[in-house]
Amino acid sequence: MKSAVLQLPGLNRDRDMIAALTKISGKAPLTIWQTETEIPESVDLIVVPGGFSYGDYLRCGAIAARMPVMQAVKAAAERGTKVLGVCNGFQILVEAGMLPGALMRNASLKFVCKEIKLEVVNAETDFTRAYSKGQILRCPVAHHDGNYFADDETLKRIEDNGQVVFRYAEGTNPNGSIHDIAGVINARGNVLGMMPHPENLIEAAHGGSDGRGLFASALDVIAA
């Protein structure tokens, strides 16, 4: 499968994501700059990485979500292409209207950088087939605005539809997210956003490989 990583000013986790995708799939992903207006239809997975995209001081992801490339990402998602947004990438997907809810300032009003635990709530998505429902994963976080919020109607809908894919587990919620939500997927099931960084826990050099299953699932290399 072919993958692509978006590159926008300030997204400083693109190299980590490129390294993870290359290591797991055996193929280096395409890199797509923010001014591009088309993404090849041969691409099966588009990743919006983390960092601090230009304009985050106004509202995280608000400016990046309006860059030309995001229209191409939306078009690809409508074709059925899988899209993954991690940390700032999650914020960008929310701001672009591709995922429900909002991401607000952490409840502590401080930047949080540490390891947390994730519960796999939905193991039947294209991103989580390598895991089992209820499995607890280790995963690092590094963000200032990861406090997920949705109104009551939206919250009920995504909970009932199985769109909550990950929750912070065992009292490790680092930001105050409602219902301990750490990752959500769209109704169609091909766009996932999450605050933790699975790309930073995929091999022994990272101290563990709990994040590897997400990429193996998305890239259809579970058996590799």
Side-chain angles (χ1 to χ4, degrees), residues 1-14 17-18 21 25 29-56 58-104 122 125-128 143 145-146 148-151 153-155 157-158 161-166 181-195 197-199 214-215 217-220:
M1 296 184 74
K2 293 184 179 180
S3 60
V5 175
L6 297 196
Q7 293 184 310
L8 296 92
L11 288 187
N12 57 19
R13 294 298 189 103
D14 55 330
M17 194 62 72
I18 290 167
L21 292 169
S25 71
L30 298 176
T31 53
I32 311 290
W33 184 238
Q34 65 168 350
T35 54
E36 296 294 326
T37 57
E38 293 184 3
I39 294 175
E41 292 192 18
S42 59
V43 169
D44 302 291
L45 170 67
I46 300 168
V47 182
V48 189
F52 302 92
S53 57
Y54 177 77
D56 267 6
L58 298 174
R59 190 173 69 246
C60 288
I63 300 300
R66 289 156 177 80
M67 292 296 101
V69 72
M70 288 307 298
Q71 292 303 313
V73 173
K74 286 183 179 181
E78 289 171 1
R79 294 195 301 265
T81 302
K82 286 177 275 193
V83 178
L84 170 65
V86 173
C87 199
N88 198 200
F90 185 12
Q91 295 163 342
I92 292 169
L93 293 179
V94 168
E95 287 288 341
M98 296 177 66
L99 289 172
L103 288 153
M104 308 185 300
N122 185 347
T125 77
D126 285 343
F127 299 90
T128 54
H143 58 254
D145 294 67
Y148 184 82
F149 177 81
D151 60 65
E153 181 180 347
T154 300
L155 196 59
R157 183 178 72 251
I158 64 175
N161 290 346
Q163 289 177 244
V164 176
V165 177
F166 295 108
I181 292 173
V184 299
I185 203 164
N186 65 338
R188 184 172 177 176
N190 66 317
V191 179
L192 172 69
M194 59 188 298
M195 287 310 297
H197 285 272
E199 74 275 17
L214 186 142
F215 297 103
S217 297
L219 293 166
D220 283 342

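Note that the coordinates shown come from a computational prediction; the quantities given were computed from them, not determined experimentally.
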Could you go through Ser3 and Leu219, starting from their C-alpha distance and side-chain angles, then the distance that decides it, and tell me whether this counts as side chain to side chain contact (heavy atoms under 4.5 Å, CB included)? CA-CA 8 Å; Ser3 60; Leu219 293 166; 4.2 Å; yes
Please step through side chain to side chain contact (heavy atoms under 4.5 Å, CB included) for the pair Met194 and Val86, ending with a clear verdict. CA-CA 5 Å; Met194 59 188 298; Val86 173; 4.3 Å; yes
Hey, are the side chains of [X] and [Y] touching, using non-hydrogen atoms and a 4.5 Å cut-off?
{"X": "Pro100", "Y": "Arg157", "answer": "yes"}
{"X": "Asn12", "Y": "Phe52", "answer": "yes"}
{"X": "Pro49", "Y": "Val5", "answer": "yes"}
{"X": "Ile46", "Y": "Ile39", "answer": "yes"}
{"X": "Gln91", "Y": "Met195", "answer": "yes"}
{"X": "Leu214", "Y": "Phe166", "answer": "yes"}
{"X": "Pro29", "Y": "Ile18", "answer": "yes"}
{"X": "Val69", "Y": "Trp33", "answer": "no"}

State the [atom1]-[atom2] distance between [X] and [Y], to the nearest 0.5 angstrom.
{"X": "Asp14", "Y": "Ile32", "atom1": "CG", "atom2": "CD1", "result": "12.5 Å"}
{"X": "Phe149", "Y": "Leu155", "atom1": "CZ", "atom2": "CG", "result": "8.5 Å"}
{"X": "Leu8", "Y": "Thr35", "atom1": "CG", "atom2": "OG1", "result": "9.5 Å"}
{"X": "Arg188", "Y": "Asp126", "atom1": "CZ", "atom2": "CG", "result": "10.5 Å"}
{"X": "His143", "Y": "Leu103", "atom1": "NE2", "atom2": "CG", "result": "8.5 Å"}
{"X": "Ile92", "Y": "Leu99", "atom1": "CD1", "atom2": "CG", "result": "12.0 Å"}

Nearest heavy-atom pair of [X] and [Y]: which atoms, and what distance?
{"X": "Ser42", "Y": "Lys2", "answer": "O-CB, 3.6 Å"}
{"X": "Ser53", "Y": "Ala64", "answer": "OG-CB, 3.7 Å"}
{"X": "Asp151", "Y": "Thr154", "answer": "OD1-N, 2.8 Å"}
{"X": "Asp56", "Y": "Gly51", "answer": "OD2-O, 4.3 Å"}
{"X": "Val191", "Y": "Leu93", "answer": "CG1-CD1, 3.9 Å"}
{"X": "Ala182", "Y": "Phe90", "answer": "O-CE2, 4.2 Å"}

Begin from the C-alpha positions of Val73 and Leu6 and carry the test side chain to side chain contact (heavy atoms under 4.5 Å, CB included) through to its verdict. CA-CA 9 Å; Val73 173; Leu6 297 196; 3.7 Å; yes
Could you go through His197 and Cys87, starting from their C-alpha distance and side-chain angles, then the distance that decides it, and tell me whether this counts as side chain to side chain contact (heavy atoms under 4.5 Å, CB included)? CA-CA 7 Å; His197 285 272; Cys87 199; 3.4 Å; yes
Which residue pairs pass the salt bridge (Lys or Arg N to Asp or Glu O under 4.0 Å) test with at least one member in residues 72-96, sequence neighbours excluded?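 Only Arg59-Glu95 qualify under salt bridge (Lys or Arg N to Asp or Glu O under 4.0 Å).
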